[in-house]
Every structure is written in C-alpha cells, then in structure tokens.
Novice: 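First the structure, then my questions, so here it is.
Order of the sequence lines sets the chain letters (A, B, ...), proteins ahead of strands, with each chain counted from 1.
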Amino acid sequence: MTDTPNDPKASGWYGEKYSANLKKRHKSERLFRRLGLSAILIALGLLGILLFSIVGKGYTAFIQTYITLDITFSESVIDKDGTRDPVKMRSASYGNLVRDALRKEFPEVTQRRDLRALFGLVSKDATQQLRKMIAADPSLIGKTIPVRMLASDDVDMFEKGYISRDVVQDDRRVKDNELEWLDALQADGAISTHFNTRFFTGGDSREPEMAGIWGAMVGSFYTLIVTFLISFPIGVMSAIYLEEFAPKNKLTDIIEVNINNLAAVPSIVFGLLGLAIFLNVAHLPRSAPLVGGMTLALMTLPTIIIASRAAIRAVPDSIRQAALGLGASPQQAAFHHILPLAMPGILTGTIIGLSQALGETAPLLMIGMVAFIADIPGGVFDPATVMPVQIFLWADSPERAFVEKTSGAIMVLLGFLIFMNAIAVVLRKKFERRW
Amino acid sequence: MLNKTLGLAIVASVAFAGQALARDQIRIVGSSTVFPFSTAVAEEFGTKGTFKTPVVESTGSGGGLKLFCAGVGTEHPDITNASRRIKVSEVEKCAAAGVTDITEVKIGFDGIVLANSKAAKPVELTKKQIFQALAKQVPVDGKLVDNPYQKWSDIDPSLPDTKIEVLGPPPTSGTRDAFVELAMEGGAKKFDTLKALRKSDKKAFKSVAHAIREDGAFIEAGENDNLIVQKLVANPAALGIFGFSFLDQNADRIQGGVVGGVEPTFENISKGDYGISRSLYFYVKGAHVGKVPGIEEFVAEFTSEDTFGEFGYLTDKGLIPLSEADRAKIRADATSMAKLKMM
C-alpha cells in the first residue's frame with residue numbers, strides 16, 4: 001500500500017481517467033437534454049405558426065358584411081292579382097324588390113352594364129330572404145321597411161380589407177363605380193358587419209357569403225355515429241375474446257399480427273374496400289353517411305382493438321383470479337370485473353380512433369362523399385359530406401372569399417378535435433385506477 | 001329478443017335501401033374543372049324550389065365517365081361533367097353497359113394561363129418557347145437531347161435572364177392534360193424534325209411532346225390552383241399554370257402571360273384567339289330522363305341565357321361563354337335531348 005501515490009486525486013473517484021469519463025457523460029447528458037428541449041420547441045413553434053396562420057386568415061370568416069336597404073314590398077311585384085295565394089307569391093320575382101331599392105338609392109345609374117354591377121353588390125341570398133319574409137308574414141305587402149341583407153362576396157372582401165383600393169381598376173374585383181356606391185352606402189350607415197350566424201347554420205353554397213358548415217357538421221355527426229355503433233362493440237368484443245378467451249396458438253398469433261398491420265394500412269385502401277363491398281355488392285346509396293361510417297369503422301377497428309387489448313391487459317390478474325375463485329364464470333369475470341376496470345382505457349382509445357376518423361377524407365373520396373351537397377342531410381341515407389371534405393372543397397374554389405371560410409372551417413374542426421381529445425383525457429383522469 | 005331486433009334491423013335497412021334506390025335527386029359526377037359551374041347551376045336549380053338540389057361529385061373527367069358508363073339504373077349517375085370530349089372508346093364502353101342514349105351539351109370554354117406575380121415583369125412566350133422550356137427532350141440542331149435550357153435567356157436572348165421555374169398541376173389533373181395537348185404539342189409541331197416524326201410515327205411524337213422535364217424546372221404543385229397562386233405571389237421569379245377563373249379572381253396579385261402574342265383575356269378566349277383553351281361539356285343519360293325527376297329542367301336551366309349566356313351567372317364564376325349562334329344551337333339540341341354523334 002505504501003507504493004500508491006499520496007495524492008488522492010490521482011486515482012479512484014478522483015482519478016484522471018474517471019474525471020474525464022465523468023465530464024464526457026455530463027456533456028452527453030446536457031447535449032441530450034438540449035436536443036430534447038429543442039425538438040419540443042421546434043414542434044411548438046411549428047404548431048404556433050400553423051395556428052397563427054389559420055387564425056389570422058380565418059377569424060374574419062366569423063363576421064360578415066351586410067347592406068341595409070329600404071325595401072318596398074310592392075303588391076304589383078309580389079301579388080299582382082291580390083289573391084294572397086302562397087304558391088303564386090312564392091314564385092314572384094323578389095329580385096325585383098332588391099333591384100328597385102338599389103335603383104331608388106342610385107337613380108343616376110342607367111346603363112345596363114352599370115346596373116348589373118350595382119345589383120351585384122347585394123348577395124343572391126337577398127331574394128330568398130325576402131321570399132321567406134313574405135311567406136312568414138304576408139301583411140308586409142305594401143309596406144316599406146329597412147331590411148338587412150347579405151352583401152356579395154366581393155363587397156365583403158373589400159370591407160374586410162382583402163381588396164385594396166390602390167390597385168388599377170382593371171385588376172380589382174371591385175371597380176371604381178362600385179367603390180363610389182359603397183362609399184355612398186357607407187356614408188348612409190347602410191353597411192354594417194355582424195356575427196356570421198349563417199356560417200354555423202347554413203349548408204354549402206357556391207356563393208362564399210352564403211356558405212355554411214352546418215351541413216358538413218351534421219354529415220360528420222351521422223358518419224361518426226355509424227362508425228361508433230359499428231366499431232365500438234365489435235372492437236371491444238374482439239379485444240375481450242382475444243385477451244380473455246382465445247387460446248394462444250399460431251392462428252391467434254396470425255390474427256394479432258394482422259390487426260397490427262391493418263392499423264397501418266393507408267386509409268384510401270379502406271375507401272376502395274368500401275366501394276367494392278358496400279356500393280358494388282350491397283348496393284347501398286352513394287354519398288350516404290351510412291356507407292361513410294361503415295368504411296371509417298373498418299379503419300377505426302384496429303385502433304380500438306389494440307387500445308382495448310392494452311387496457312384489458314393492464315387489469316391486474318389478481319382481480320380475475322379473485323372473481324373466478326369466488327365462483328364467477330369466465331364470462332362473468334370478464335363483463336362484471338375486467339371490462340368496467342378497463343373501460344377508461346378502452347374509451348380513450350375509441351375517442352382517439354374516432355377523432356382520427358373525423359379528420360379523414362381519402363376513404364370518403366371513393367364512396368362519393370367528396371361532393372357539393374347544399375341540403376342539410378336528414379338521416380344516414382341522405383347524401384352528405386363531412387367537415388374535412390368541406391374544407392378540401394372550399395380550399396379548391398377560385399373565389400377569394402373562400403380562403404377565409406376554409407380557415408374558419410379548419411378552426412371549427414380543430415375545436416372539435418380538441419374537444420374530443422379533452423374528453424378522452426378527462427375520462428382517463430377521472431376513472432383511471434392505479435394498482 | 002336479439003334475433004328479433006336483428007331481423008327488424010335487416011328489414012329496416014333493406015326497406016331504406018329500397019327507398020334510396022328510387023331517387024328523387026339528380027346525381028352528377030365528373031370533372032373538377034366543370035365542378036364550380038355545375039355546382040352553381042345545381043344550387044340555383046335547387047333554390048327555385050320545385051326540385052331537390054342535385055348532388056355534384058368532383059371525380060375528374062375520366063373517373064366521371066367511368067361511373068357514368070357503368071350502367072343504367074338509379075344507382076348510377078345521371079349526368080357527368082367533362083373538361084374534354086367523350087372518347088370513342090368511352091362511348092363503346094357505355095354502349096356495352098347499356099348506356100346508349102347520351103346527350104352531349106357543350107357549355108363553354110376554359111382558358112389555361114401561364115401567369116406570374118404582379119411584382120415581376122409580364123411574360124411573353126410562344127408555344128415553341130413553352131415547349132423548349134418544359135419538355136423533357138428538345139431538338140437541338142436536329143437531334144433530340146435532354147433539355148439543356150436552365151434560364152429563359154438560354155432559349156431566346158430576348159427572354160429574361162432568370163432561372164426557368166414553372167409551377168403546374170400533376171399528371172392526374174385535367175388542366176395538365178389540356179396544357180400538354182394544346183401548348184406542348186402545339187410547340188413541338190413547330191420543329192421540323194418533330195413535325196416529320198409526327199407524320200411517320202404518331203406515338204413516338206406524342207411521347208416526346210407530352211413528356212415534361214423532371215429536373216426541377218417544372219414543379220408539380222398539386223391539384224389545388226389556389227396553392228399555385230399563393231406560391232406565385234411569394235416567388236415572383238416563378239411562373240404558374242392554372243385555369244382562367246383563378247386568374248380572374250386574383251387579377252390584383254398575378255398577371256396572365258401573353259402566349260403567341262395573345263393576352264389571356266375573357267374576350268380573346270371566347271373568340272378563340274387565345275391558343276390554350278378547351279371546351280367544357282356535360283353528358284346526360286337519356287335512359288334516366290323521366291325516371292329521375294328534374295333532369296330536363298336542369299338541362300334547360302344550364303343552357304338558359306341567364307346561366308351560360310354572355311351575362312349569365314356562370315361568367316361571374318369564370319366560365320367563358322360560347323358564341324350566340326352556338327348557344328342557340330346547343331340549347332335547341334339539349335332541350336330536345338338530341339343523341340350524341342361521334343365524328
């Protein structure tokens with residue numbers, strides 16, 4: 001022992017070799033932490049950019065420009081014979097009322113071309129609106145009242161500042177004379193902006209100012225209900241059977257591998273399957289939420305089975321043994337004890353699977369749900385579209401005003417996804433048991 | 001109990017399916033180029049209140065004709081839109097499935113524009129230059145070589161000294177088909193060697209004329225024309241290829257390039273002066289007329305002067321109308337459901 005150097009730092013915990021090693025390990029530790037942190041920061045940054053650009057472009061979709069005009073519900077236009085026959089009154093030309101009001105406001109406009117531009121300030125929807133007003137209250141005939149009507153999409157874009165005044169007239173969607181009229185209306189206080197309720201209550205339309213996402217939301221709702229009703233029972237039952245009852249042999253191994261594979265199959269493949277089976281063999285109607293839901297159920301099934309199996313496996317064996325020991329049959333043990341305990345995990349998996357289905361468009365392309373459908377679907381057999389498809393269709397439309405509508409719809413869809421995932425988190429937090 | 005509910009469910013679904021088969025709503029499929037026009041007419045038709053709003057699917061011209069020709073019966077569509085004329089092979093396929101009675105309706109023109117950002121100088125090209133800029137192989141001194149041009153000025157000294165960078169649609173798009181057929185093929189014909197090749201071997205000519213370069217000068221920007229517009233605004237050096245309606249809507253940010261000395265304006269396209277324009281069609285299944293309510297009325301609505309006329313609402317959506325004489329003839333043919341004759 002006398003040979004060892006007196007300096008304690010030279011060996012053991014203080015040895016040079018050791019301290020170099022320690023330094024290296026600390027360095028790699030710091031590097032790893034920094035890498036991890038920067039990965040998270042980059043992800044957050046990108047998410048921030050995405051949200052910022054969507055919200056920045058889309059928040060204006062929730063407000064809409066209106067023009068208020070004094071409309072004279074003249075009897076000569078609506079009801080020539082004075083019979084007050086609702087069928088006749090419905091087919092009257094209500095566009096004339098709007099045109100008359102605009103003519104009265106701007107008597108100096110006489111040229112056909114200019115008049116066309118002038119009438120174009122008010123949305124086509126005004127005709128429908130006035131028709132509905134008269135249908136609801138025929139006593140309006142003969143009166144003159146101010147009516148707030150939707151402005152056309154170009155006017156709306158201009159009022160929101162998307163169309164600049166400074167551009168040369170030829171390159172501007174809103175021409176000089178239209179600007180003049182708009183300024184005059186503005187001076188009268190006839191132009192106003194309001195919350196765009198129609199965006200949340202209307203169906204799709206080719207006129208951006210009239211387009212709404214309610215039709216797509218209802219379509220998504222029906223589709224997801226069908227998806228849930230099919231995939232949840234089948235998924236949970238398969239998971240219980242595979243975990244609790246199935247013998248462990250080659251066959252179940254193959255099934256397990258296949259389920260895992262199915263979870264990774266591109267979704268368009270399920271669309272092709274849906275087209276081949278549900279449309280070509282079963283002759284179910286095209287574009288129906290029933291078929292969409294069934295197709296998406298095929299896609300969601302593997303996710304639900306895998307999540308449910310994991311949740312069932314997490315239930316401690318002691319509970320199973322105790323139930324069986326007290327005389328419960330395996331079925332009773334599974335349904336009375338294991339399933340309730342596994343339910344939070346199963347539901348979490350189901351909700352995640354469903355929110356995946358909510359954002360899916362590719363499989364729906366094959367079964368005709370990528371379509372223009374103006375009517376709100378009334379059931380699972382009516383033609384319908386879903387929210388992501390609506391976003392896709394709007395993003396592809398030439399009209400400038402659809403840009404903000406697209407972003408607005410994305411915000412609504414994101415809202416739903418966050419809501420669904422929040423439910424999953426709450427369910428897990430509330431019912432989760434730790435052993 | 002379980003058996004009973006299951007039985008009921010099956011009976012109910014069969015009953016519903018049966019009900020769904022007797023359709024009271026027109027179903028339209030087909031071209032994504034005609035989609036904005038078809039949907040606008042469908043909506044107008046629906047708001048008139050007598051019939052339900054038709055369902056319009058955007059499947060592409062080829063996909064639409066495939067569905068259309070699958071057979072007669074309410075599970076098949078009544079009308080298909082196309083951004084090109086129906087092919088003889090498709091008519092034969094239709095006939096094989098029993099779809100023999102087809103009415104063709106030409107609705108107007110669509111121009112394809114080469115545009116760039118307003119921040120840059122306007123472009124002026126000939127079809128020959130377009131071919132030289134975008135083809136995979138070009139003839140140099142009589143021999144076909146891989147496209148050597150990197151800058152516009154390499155093609156012609158009068159063109160700007162900037163890199164060739166063109167954003168365009170992918171091969172699945174109808175716009176791309178029309179562009180290749182009208183602009184690229186038109187440009188290729190200007191070369192004597194290729195012209196000779198066209199006479200001797202049409203297939204070989206097409207494979208040269210239709211091949212777009214893959215070395216990065218031509219960038220496939222996806223089916224979404226709005227995206228191309230946004231990219232052009234962000235990158236003034238680039239050119240983009242898309243439909244006229246997108247130029248019409250974004251004229252404050254982008255400008256259409258002059259092709260062969262003609263500007264892509266509404267008037268020039270409708271007169272037929274602008275070189276890269278195509279006709280748009282829809283096809284009606286005669287066997288469904290009278291079975292599905294509203295088909296005749298829908299066709300009448302589509303071909304009315306208020307719709308596809310010079311001041312009709314489709315022109316607001318970017319459709320370029322036919323001449324007045326053509327419109328009158330087409331209206332007469334369409335409303336009488338004249339049968340399609342291939343020439």
Side-chain angles (χ1 to χ4, degrees), chain A residues 90-91 112-113 116 120 124-125 127-128 131 152 154 162-164 166-168 170-174 203-207 210 279-280 282-288 290 365-366 368-375 379-385 392-403 406, chain B residues 13 16-17 19-21 23 25 27-29 32 35-44 46-50 52-59 63 67 70 73-77 118 223-227 229-230 242-255 311 313 316-318:
Chain A
R90 215 175 48 216
S91 60
R112 187 178 134 76
R113 238 194 135 82
R116 245 179 78 83
K124 265 190 198 168
D125 177 60
T127 319
Q128 286 288 94
R131 180 175 296 142
S152 75
D154 285 336
Y162 290 107
I163 296 177
S164 159
D166 310 327
V167 188
V168 197
D170 282 351
D171 301 339
R172 207 184 321 119
R173 295 276 305 168
V174 182
D204 194 10
S205 168
R206 287 294 306 144
E207 305 301 325
M210 290 158 65
L279 294 187
N280 292 349
H283 292 294
L284 289 166
R286 258 180 98 80
S287 321
L290 176 72
L365 186 74
M366 307 310 300
M369 286 185 87
V370 178
F372 172 78
I373 290 153
D375 300 330
V380 290
F381 289 98
D382 285 352
T385 187
F392 166 74
L393 288 176
W394 284 350
D396 221 15
S397 302
E399 287 86 0
R400 182 88 65 89
F402 273 123
V403 174
T406 308
Chain B
S13 62
F16 266 119
Q19 200 181 40
L21 283 181
R23 190 147 51 75
Q25 194 169 29
R27 301 209 59 132
I28 303 171
V29 293
S32 54
F35 182 78
F37 310 128
S38 195
T39 47
V41 180
E43 189 179 353
E44 185 72 22
T47 53
K48 296 221 162 132
T50 329
K52 274 191 169 177
T53 310
V55 172
V56 189
E57 274 181 58
S58 167
T59 60
L67 287 167
T74 43
E75 69 267 37
H76 302 294
K118 277 254 148 129
E223 290 264 15
N224 189 331
D225 289 355
N226 268 326
L227 211 64
V229 172
Q230 281 175 25
F242 44 82
F244 174 76
S245 43
F246 286 84
L247 176 65
D248 191 38
Q249 286 280 337
N250 294 289
D252 55 337
R253 299 189 289 180
I254 49 173
Q255 55 195 355
F311 294 105
Y313 56 84
D316 291 341
K317 298 262 164 228

Novice: Check whether B:Pro54 gets within reach of chain A through its side chain, its backbone, both or neither, counting any heavy atom under 4.5 Å.
Specialist: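 For B:Pro54, the backbone is the part near chain A, not the side chain.
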Novice: Between B:Gln255 and chain A, which part of the residue has a heavy atom less than 4.5 Å away: side chain, backbone, both or neither?
Specialist: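 Neither part.
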Novice: Just give me the residue among A:Arg172, A:Arg206, A:Arg286 that pairs up with chain B most often, heavy atom to heavy atom, under 4.5 Å.
Specialist: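 Most heavy-atom pairs within the cutoff with chain B belong to A:Arg206.
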Novice: I'd like to check the ring-ring contact (aromatic ring centres under 6.0 Å, His included) partners of A:Phe372; sequence neighbours left out, ordered by chain and number.
Specialist: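 Partners of A:Phe372 under the ring-ring contact (aromatic ring centres under 6.0 Å, His included) test: none.
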Novice: Who among B:Glu57, B:Glu44, B:Lys52 has the most heavy-atom pairs with chain A under 4.5 Å?
Specialist: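 Max contact count across the listed options: B:Glu57.
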Novice: Counting C-beta onward and ignoring hydrogens, is there a side-chain heavy-atom pair between A:Glu399 and A:Asp154 closer than 4.5 Å?
Specialist: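 Counting from C-beta outward, A:Glu399 and A:Asp154 never come under 4.5 Å.
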Novice: Below 4.5 Å from any heavy atom of chain A, which atoms of B:Phe311 appear? Answer side chain, backbone, both or neither.
Specialist: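 Both parts, heavy atoms under 4.5 Å.
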Novice: Can you list the steps and then say if A:Asp204 with A:Thr385 is a side chain to side chain contact (heavy atoms under 4.5 Å, CB included)?
Specialist: CA-CA 10 Å; A:Asp204 194 10; A:Thr385 187; over 6 Å; no
Novice: Looking at B:Glu75 and B:Arg23, does any basic side-chain N land under 4.0 Å from a carboxylate oxygen?
Specialist: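 Salt bridge absent between B:Glu75 and B:Arg23.
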Novice: If you count heavy-atom pairs under 4.5 Å with chain B, which of A:Ser397, A:Ala374, A:Ser164, A:Ala288 comes out on top?
Specialist: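 Looking at each option in turn, the highest pair count goes to A:Ser397.
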Novice: For the side chain of B:Gln25 and the backbone of B:Thr53, is there at least one donor-acceptor N/O pair under 3.5 Å apart?
Specialist: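 Yes.
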Novice: So which atom in B:Ser245 and which in B:Gly318 form the shortest heavy-atom distance, rounded to 0.1 Å?
Specialist: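 It is CB-CA, 3.9 Å.
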Novice: Given heavy-atom pairs under 4.5 angstrom as the criterion, report whether the side chain, backbone, both or neither of A:Arg400 touches chain B.
Specialist: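 For A:Arg400, heavy atoms of backbone and side chain both lie under 4.5 Å from chain B.
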Novice: For chain B, which of A:Val167, A:Asp375, A:Ile373, A:Val403 has the most heavy-atom pairs under 4.5 Å?
Specialist: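 Most heavy-atom pairs under 4.5 Å with chain B: A:Asp375.
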Novice: Measure A:Leu393 against the heavy atoms of chain B and call it side chain, backbone, both or neither at under 4.5 Å.
Specialist: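 Interface part for A:Leu393: side chain.
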Novice: Given heavy-atom pairs under 4.5 angstrom as the criterion, report whether the side chain, backbone, both or neither of A:Gln128 touches chain B.
Specialist: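 For A:Gln128, the contact with chain B is made by the side chain alone.
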Novice: Given a strict heavy-atom distance threshold of 4.5 Å, which part of B:Leu67 is in contact with chain A: side chain, backbone, both, or neither?
Specialist: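 It is the side chain, since no backbone atom gets that close.
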Novice: Take B:Asn226 and B:Phe242, measure what side chain to side chain contact (heavy atoms under 4.5 Å, CB included) needs, and give me the verdict at the end.
Specialist: CA-CA 9 Å; B:Asn226 268 326; B:Phe242 44 82; over 6 Å; no
Novice: Tell me if a side-chain donor or acceptor on B:Lys118 pairs with a main-chain N or O of B:Ala251 at a distance below 3.5 Å.
Specialist: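 At least one qualifying donor-acceptor pair exists.
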